[in-house]
Amino acid sequence: MSVRVRFAPSPTGYLHVGATRAALFNYLFARQKGGKFLLRIEDTDLARSTEESTRSIIDGLTWIGLEPDEPVVFQSANADKHRATAVRLLDEGKAYRDFTPKEEKGDGSVKQAIVERAREKPARSMRDNPYRDLSIEESDARATAGEPFAIRLKVPESGKTQFEDGVFGHQERDYADTEDLVLLRSDGHPLYNLAVVCDDIEMRITDVIRGQDHLTNTHKQILIYEALGVAPPNFAHLPLILAPGGKKLSKRIHGEIVSLTTYRDAGFLAAAFRNFLALLGWSAGEEREIYSMDELVEKFSLAGVHRSSAIFNYEPNNPKRWTDDKAIWMNAEYIRTMPLSELLPLVKTELKSTKLWREEYEEDLLVGGSADAPSIMWRQWFERTVDLIRHRFFTLKDFSQQGRAYFSEDYDFDPPAVDKNLKKIPDLKQWLPELADRFESEFADVGSPYNEQNIEAVVKTFTEEKGTKLGVIMNGARTLLTGVAVGPSMLSVFETLGKERSIQRLKSQIAWS
RNA sequence: GACCGGUUCGUCUAGGGGUCUAGGACACCGCCCUUUCACGGCGGCAACACGGGUUCAAAUCCCGUACCGGUUACCA
């Protein structure tokens, strides 16, 4: 039987990074086994499900490269089948009608009420429901009379559910620890565990890989499989991802740091974030960090998945560490080492979205046009510039922020950089425009091309004349020309910016104002 | 409370009885390179939760304790 797995999120918010990792592991498992990866939207809780969430989930999966192999299944579309299944179990005596009136609770107190009930002493038996053994005649009569009821699974008195978990190993749970779970609400609405089992059967799912928070649900679902007389699929549970405090990383408490779209919007590369996520709670057992999607598919195994939860480390109020250090490093590593040809389109998208993109960057048009300009095509210039500046960047956003001065005349100056490299040395206010004049005279004819070697000679001479250090001039120039204190070799910057732009910016007094 | 699970450097992790004076990565610190730098190179700091066993030998196996997490809904 060929492998079929599914990712089954509920559309009650954006795509969670933990859920994304579960989707990734399902995908890797399926690909490795030559199986299918499916997506099912669990929208049975109509009140909380939104179309916007569904779209956001699908967008997120698409971005990170986990597209399903078959059309998306919406659980709500199968509600009639779920109901029919519940009724069938009722008819077969494997479920019963519970006429206990539904308790109405405010949303906030639900969790608390559960805990309070659970603490009752002595503990209530899971089988003490008075309707569990109601005669069929009376049950039918009350139902016919219009009395509302929920349908509960009639969990056997003694025995235990057990299964071999792909990650956690052998698992068992005594029936006594599992309540007669509700299959169908009194309003006729099918509940999660029933819906999941029905759909997994219908979709012919062979392996269920999901979060550890479903471990107890698995025992309940096995009970449903048994009642239905269907062999359950294989199960594997993934450890949860925790926040720095040690609590489950949740949308409600931790905010947008858990949303996949946050990373896309912050300039993360899908490949890098995927790589990072794969290594959170899984290891191939080798000393290596960088894996392409193909390599992940090849190396993945459930045996390599941890049994302990990993902490997703970040500092909410520290801009430098707004998300996990390793994720940021991974992204930077991809940016500076990936093939330039793969990076260029991503930079193009970033520049387009910030109105910095120029069509010339893809054209074989001469830069400049005057005789003294270096003969270089725009396309070449763009590629070289990206290649030059990528090495100190962390995200794609840096191309439009730190690197803005390379693509626009309208860029900001980093105040600390201005203070340190310009204002601290007042002479620079005269020196830099003088250097511009020097550039104009030294590079006036074709005999002395404006290139790194010649620029270095001119700047050195100039520095000696002024009796200052090379670093003073270079750092000042860098701040004035790029707005920031860090970047590639200043000689490269001069050359990349070109003679005209360099001169113009050296003369500018704007940074001092 | 009950049931289930977990516990190796700050974080992600390697490790299935001897090759562990515990390896790698991120972060941090230092040095080098350099005109600067968040690139690069070299180096450093830093961990087997605790207590009992078993064994010639335990981070690795067993038991207990502590701590942490998950679940315990007519939510998913």
Side-chain angles (χ1 to χ4, degrees), chain A residues 8-12 42-45 47-49 75 98 100-105 107 110-111 113-115 117-121 123 148-152 168 171-174 176-179 181-187 189 191-193 195-196 211-217 219 237 239-240 242 244 246-248 276 279-289 306-314 320-321 324-330 332 336 390-394 398 402 417 420-421 456 459-460 463 469-479 484-491:
Chain A
S10 57
T12 54
E42 310 229 309
D43 55 349
T44 53
D45 186 352
R48 293 198 299 155
S49 300
Q75 190 157 64
D98 181 359
T100 311
K102 186 188 173 188
E103 283 179 61
E104 292 296 346
K105 300 190 200 78
D107 205 41
V110 176
K111 207 90 186 177
I114 295 164
V115 173
R117 188 195 314 172
R119 286 210 174 126
E120 270 179 34
K121 271 188 171 175
F149 60 86
I151 295 180
R152 283 183 186 271
F168 289 96
Q171 299 290 310
E172 52 181 58
R173 188 173 216 238
D174 202 287
D177 294 321
T178 301
E179 80 279 12
L181 56 147
V182 172
L183 302 176
L184 206 63
R185 263 175 14 190
S186 49
D187 62 4
H189 197 84
L191 244 36
Y192 176 73
N193 282 305
V196 167
Q212 194 185 3
D213 48 345
H214 285 291
L215 213 48
T216 48
N217 279 332
H219 286 98
H237 293 85
L240 268 13
L242 270 27
K247 295 285 179 196
K248 183 170 150 181
F276 168 75
L279 259 28
L280 206 54
W282 171 80
S283 159
E286 51 188 13
E287 291 179 353
R288 182 177 162 190
E289 319 291 324
H306 278 201
R307 284 186 254 274
S308 56
S309 314
I311 292 177
F312 187 90
N313 212 9
Y314 70 98
K320 205 179 159 189
R321 296 205 178 156
D324 197 290
D325 276 332
K326 205 154 187 173
I328 295 173
W329 168 80
M330 186 80 74
R336 57 189 173 236
R390 75 206 281 212
H391 290 97
R392 283 176 176 82
F393 285 174
F394 291 98
D398 287 332
Q402 304 258 84
K420 185 181 165 214
N421 296 330
E456 183 173 22
V459 176
K460 271 194 172 154
T463 304
K469 286 186 289 188
L470 197 55
V472 170
I473 299 294
M474 291 300 202
N475 291 334
R478 178 193 304 287
T479 304
V484 293
V486 300
S489 154
M490 196 51 211
L491 298 169

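Just so we're clear, the structure is a prediction, and the values are computed from it rather than from any experiment. Naming: A, B, ... by sequence-line order, numbering from 1 per chain.
For the OP1/OP2 pair of B:rC28 and a distance below 4.0 Å, the side-chain nitrogens and oxygens of A:Lys320 include at least one atom meeting the criterion. Contact annotation: A:Ser309 does not reach the phosphate of B:rG69 (side-chain N/O to OP1 or OP2, under 4.0 Å). Contact annotation: A:Lys102 side-chain N/O to B:rA73 OP1/OP2 distance is not under 4.0 Å. In terms of phosphate contacts, A:Arg185 brings a side-chain nitrogen or oxygen within less than 4.0 Å of OP1 or OP2 of B:rC75.
Residue A:Arg48 places a side-chain atom within donor-acceptor reach of the base of B:rC75, judged by atom type and a 3.5 Å distance cut-off alone. One N or O donor and one acceptor, one from the side chain of A:Arg392 and one from the base of B:rC37, sit under 3.5 Å apart. Contact of A:Asn217 with B:rA76 (side chain to base): a donor-acceptor pair of N or O atoms is detected under 3.5 Å. One N or O donor and one acceptor, one from the side chain of A:Ser186 and one from the base of B:rC74, sit under 3.5 Å apart. Residue-to-nucleotide contacts include no donor-acceptor pair under 3.5 Å from the side chain of A:Thr479 to the base of B:rU36.
The structure places CD1 of A:Ile328 at 7.5 Å from CZ of A:Phe394, a figure rounded to the nearest 0.5 Å.
If you take CZ of A:Phe276 and C1' of B:rU13, they are 12 Å apart, rounded to a whole angstrom. Straight-line distance from the CD1 atom of A:Ile328 to the P atom of B:rU11: 17 Å, rounded to whole Å.
Distance check on atom P: B:rG10 versus B:rA2 gives 32 Å, rounded to whole Å. Separation of the P atoms belonging to B:rC20 and B:rC56 is 23 Å when rounded to the nearest angstrom.
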